[in-house]
Amino acid sequence: MNAGFALLDYLIFAAYAALIIGLGLWLSRTKKGEEKTAKDYFLAGGTLTWWAIGASLIAANISAEHFIGMSGSGYRIGLAIAAYEWMAAVTLILVAKFLLPLMLEKKIYTIPQLAKERYGKGVSFFFSFFWLLVYVFVNLTSVAWLGALAMNMILGVPVMYGVIGLLVFAGVYSIYGGLKAVAWTDVLQVVFLVGGGLITAFVALNAVGEGSIVDGFQKILAFCKVNQTSHFHMIIPQGTELTENGKVFDIFKDIPGIAVIFGGVWLTNIGYWGFNQYIIQKGLAAKNQKEAKRGLIFAAYLKILIPIIVVVPGIAAYVLFASPELKAAAEAYMGNSEIVGTITKADHAYPWLLANFAPIGIRGLAFAALVAAVVSSLASMLNSTSTIFTMDIYHTLINKNATQKQLVAVGRITALVALVIAVFAAKPLLGGLDQAFLYIQEYTGFIYPGVVVVFGMGLLWKKATNRAALWTAIFTIPVGIALKIALPDLPFMLRMGYVCMILIVVAVAFSLTDKAHLATEKESSGQNKSLKKVGWGLAAVALAGFTLGVIYSKPLASIGFESIFLLTALIAFLAVIMLTNAYGKTKDSKAYAIDTELFKTDKLFFVGAMGICIIIIALYAYFW
């Protein structure tokens, strides 16, 4: 498939590439006689404003797995895949209010550093090594491979050339300039990403509607309703299947009913937005607490937009393929030019739309949006990989007396090595995937239950111990693998929930039986009273949730109601944390003292958060 790029398309893309590289290198410069410090290189000198944080978060988050993978899932499954984006918007509110303020107060550089300060070197090294493997062999490789695959489908560029080109593009400015270059170029990248993505969505709807975007949306909505497909339903019931080219796809297994509200999606989102280095690093580089919180709210509003950019085009591609009448009408609108190419895999949907419906000039802009998504994510991943290795392994274990100049140099070398490894690892690890987005979600889902339990209790629970954290981390992957083998047909969102429940039991058991606790200082009477009030309130909610689960999990099994047990377990875990913090006489020697003043927010934050919740509720109510 070739998108038929004209000279104007190439010029637009070349201008975009030159602008990003030029801006990145300009931002990377230092004043004469000055040297970059580790804080300058890894945390942008703590200078990021709310709009830079929000834009950089989204630019780091949105990559080829969205433009290609999520669009493919939109083609195969429909709007239900948007649950990851819309529930992430709600998660960002929680991270902004409760988690990020604690990390900023502790002056955290990296998530493994948090593990070291709270638990000890063993847990820290485990997660340092673990995250490095994930970033290099899962994140960098998958994003570069999917981006290169799109370049191959759109322009015919050989996939390996595409992998090399994208990684070098991202490395040119990110390796030299560090997080400052990454974050501020991301502000420009997100303009291309959102602008170009919206244009592609509008072009697709415009073709279906024969010149009207509104008519196009109404036509695909009507087609899906008449043909009773799942494409405009957020809650997918059990037994929902789609047959295509002789293959039967079990949609419920990918998106199991209300598990997208109560289930493992919370673990994925809290783990990703709260404790993933290349995401949370943007918040850690904020000027202050207020800018950090507002930045995450801004990012949440951008997340609500993402399904329009990537999911709706996938649904439009499905409708055009499934409806000969609409396909013929679209061809006639385009001047009787025949639609070329086919979609043999779901992930071909976005490149197919770009090749057939984007006019000259718009193709170059849309392609720039795709590359912006890929390059900005790769740049963030390279910077975070170098941050973790330099600060948590090199500075901690190899050279404790390293100078600032040495730390920056090691950071640059680490990013370069990670880039080279990703080039050679991409092809053997990937390929042959039908929906890359869900593939990535499932296999990172083996990690996030343990990450959420270990780091969540580390920040909030004074009784959480090093032994509890270490054993919870050790159990995480084996328990996930065991459940996958024992229950192969269980949707991975539900499986993540059961893994998390087991890990919560392990963490609580080890923490409460650990004899290494010290006597605790008494909390202020006001704070103690608040903890007890919140704790007992959460306990009542957990009990109510458990009761509902016992009564309705079987009658409502067709919509995955059993997922309520995970939400109940998380709420019960928080209740245990609050009540033992309030009533307990002992604490772990490295427990954090929590100042509840950190959780206070201003009116602007409250209004922004309420706006997000109202929009999400309205979307679910309309598309239920």
Side-chain angles (χ1 to χ4, degrees), residues 28 30 35-48 53 56 60 99-100 102-137 139-140 171 174-183 271 274-286 292 378-419 421-422 447 451 454-455 458-459 466 469 473 590 592:
S28 302
T30 53
E35 287 184 0
K36 272 188 171 66
T37 65
K39 186 174 183 179
D40 292 331
Y41 188 77
F42 298 118
L43 288 181
T47 60
L48 297 190
I53 294 166
S56 191
L99 300 181
L100 185 57
L102 289 170
M103 297 184 202
L104 284 169
E105 188 205 22
K106 306 303 175 187
K107 295 180 171 52
I108 299 296
Y109 272 68
T110 69
I111 295 302
Q113 178 197 342
L114 169 62
K116 180 187 173 186
E117 291 184 1
R118 180 59 183 85
Y119 295 120
K121 290 182 179 178
V123 177
S124 175
F125 180 76
F126 177 90
F127 279 103
S128 298
F129 185 70
F130 185 71
W131 281 123
L132 286 175
L133 290 177
V134 170
Y135 287 154
V136 175
F137 293 104
N139 294 94
L140 282 171
S174 65
I175 292 175
Y176 182 65
L179 185 61
K180 182 180 179 182
V182 172
F275 302 115
N276 187 334
Q277 178 66 29
Y278 81 84
I279 293 297
I280 201 66
Q281 190 167 349
K282 310 303 189 300
L284 297 176
L378 291 174
S380 292
M381 291 167 188
L382 286 169
N383 183 256
S384 292
T385 301
S386 70
T387 304
I388 288 177
F389 179 83
T390 304
M391 303 307 295
D392 296 309
I393 295 179
Y394 177 78
H395 195 208
T396 301
L397 303 175
I398 300 172
N399 186 0
K400 294 180 181 179
N401 300 315
T403 63
Q404 295 293 309
K405 186 176 181 179
Q406 287 175 318
L407 291 174
V408 172
V410 169
R412 287 171 173 161
I413 292 168
T414 302
L416 182 60
V417 170
L419 187 154
I421 292 172
I447 304 163
V451 169
V454 169
F455 288 101
L459 283 173
N466 176 59
K590 293 189 174 184
Y592 286 147

Which is it for Leu99 and Ile280 under the side chain to side chain contact (heavy atoms under 4.5 Å, CB included) test, yes or no, and what are the steps along the way?
CA-CA 10 Å; Leu99 300 181; Ile280 201 66; over 6 Å; no
Closest heavy-atom pair, Pro112 versus Ser124, reported as atoms and distance to 0.1 Å, is O-OG, 2.9 Å
Of all heavy-atom pairs between Val136 and Leu140, which one has the smallest distance, and what is that distance?
O-CB, 3.8 Å
For atom NZ of Lys107, decide whether the heavy atoms of other residues, nucleotides or ligands shown that lie under 6.0 angstrom number more than 12.
no
Phe129 CZ: over 12 foreign heavy atoms closer than 6.0 Å:
no
Can you list the steps and then say if Leu284 with Leu100 is a side chain to side chain contact (heavy atoms under 4.5 Å, CB included)?
CA-CA 8 Å; Leu284 297 176; Leu100 185 57; 3.9 Å; yes
Any idea which heavy atoms bring Ala286 and Ile53 closest together, and the distance?
CB-CD1, 3.4 Å
Nearest 0.5 Å, please: how far is CD in Gln406 from CG in Asn401?
9.5 Å
The reported gap from CG in Leu416 to CD1 in Ile421 (rounded to nearest 0.5 angstrom) is 10.0 Å
Which value, rounded to the nearest 0.5 Å, describes the distance between Ile388 atom CD1 and Ile393 atom CD1?
8.5 Å
N/O donor-acceptor pair under 3.5 Å between Tyr135 side chain and Gln277 backbone:
yes
Sub-3.5 Å donor-acceptor pair from the side chain of Thr396 to the main-chain atoms of Met391, do we have one?
yes
What are the two closest non-hydrogen atoms of Ile175 and Ala415, and how far apart are they?
CG1-CB, 3.6 Å
Is it true that a side-chain atom of Gln113 and a backbone atom of Ile108 form a donor plus acceptor pair closer than 3.5 Å?
no
Pairwise distance CG(Leu419) to OG(Ser386) - rounded to 0.5 angstrom
11.5 Å
Please, which pairs that meet salt bridge (Lys or Arg N to Asp or Glu O under 4.0 Å) have at least one residue in residues 109-132, sequence neighbours excluded?
Arg118-Asp588
For Phe275, what residues pass the ring pair (Phe, Tyr, Trp, His ring centres under 6.0 Å) criterion, not counting sequence neighbours?
Phe455
Please verify the inter-ring angle class for Phe127 with Phe130; under 30° counts as parallel, over 60° as perpendicular, anything in between as tilted.
perpendicular
Looking at NZ of Lys282 and CG of Leu48, how far apart are the two atoms once the value is rounded to the nearest 0.5 Å?
9.0 Å
Quick check: do Leu114 and Leu459 have side-chain heavy atoms less than 4.5 Å from each other?
yes
Please confirm whether the backbone N or O of Val454 pairs with a side-chain atom of Tyr119, one donor and one acceptor, at under 3.5 Å?
yes
Nearest-0.5 Å distance, CG of residue Asn139 to OG of residue Ser380
11.0 Å
Show the nearest heavy-atom pair for residues Leu104 and Ala292, with the distance to one decimal.
CD1-CB, 3.6 Å
Phe125 vs Leu397, test: side chain to side chain contact (heavy atoms under 4.5 Å, CB included). Steps then yes/no.
CA-CA 9 Å; Phe125 180 76; Leu397 303 175; 3.7 Å; yes
Test your reading of the model: is there a side-chain donor-acceptor pair from Ser384 to the backbone of Met381, 3.5 Å cut-off?
no
Given Gln281 and Thr387, is the side chain to side chain donor-acceptor pair (under 3.5 Å) satisfied, shown in steps?
CA-CA 10 Å; Gln281 190 167 349; Thr387 304; 3.2 Å; yes
Looking at every heavy atom in both Ala115 and Val123, which two are closest together, and how far apart are they?
CB-CG1, 4.0 Å
Side chain to side chain contact (heavy atoms under 4.5 Å, CB included) between Phe389 and Ile413: does it pass, once the steps are laid out?
CA-CA 10 Å; Phe389 179 83; Ile413 292 168; over 6 Å; no
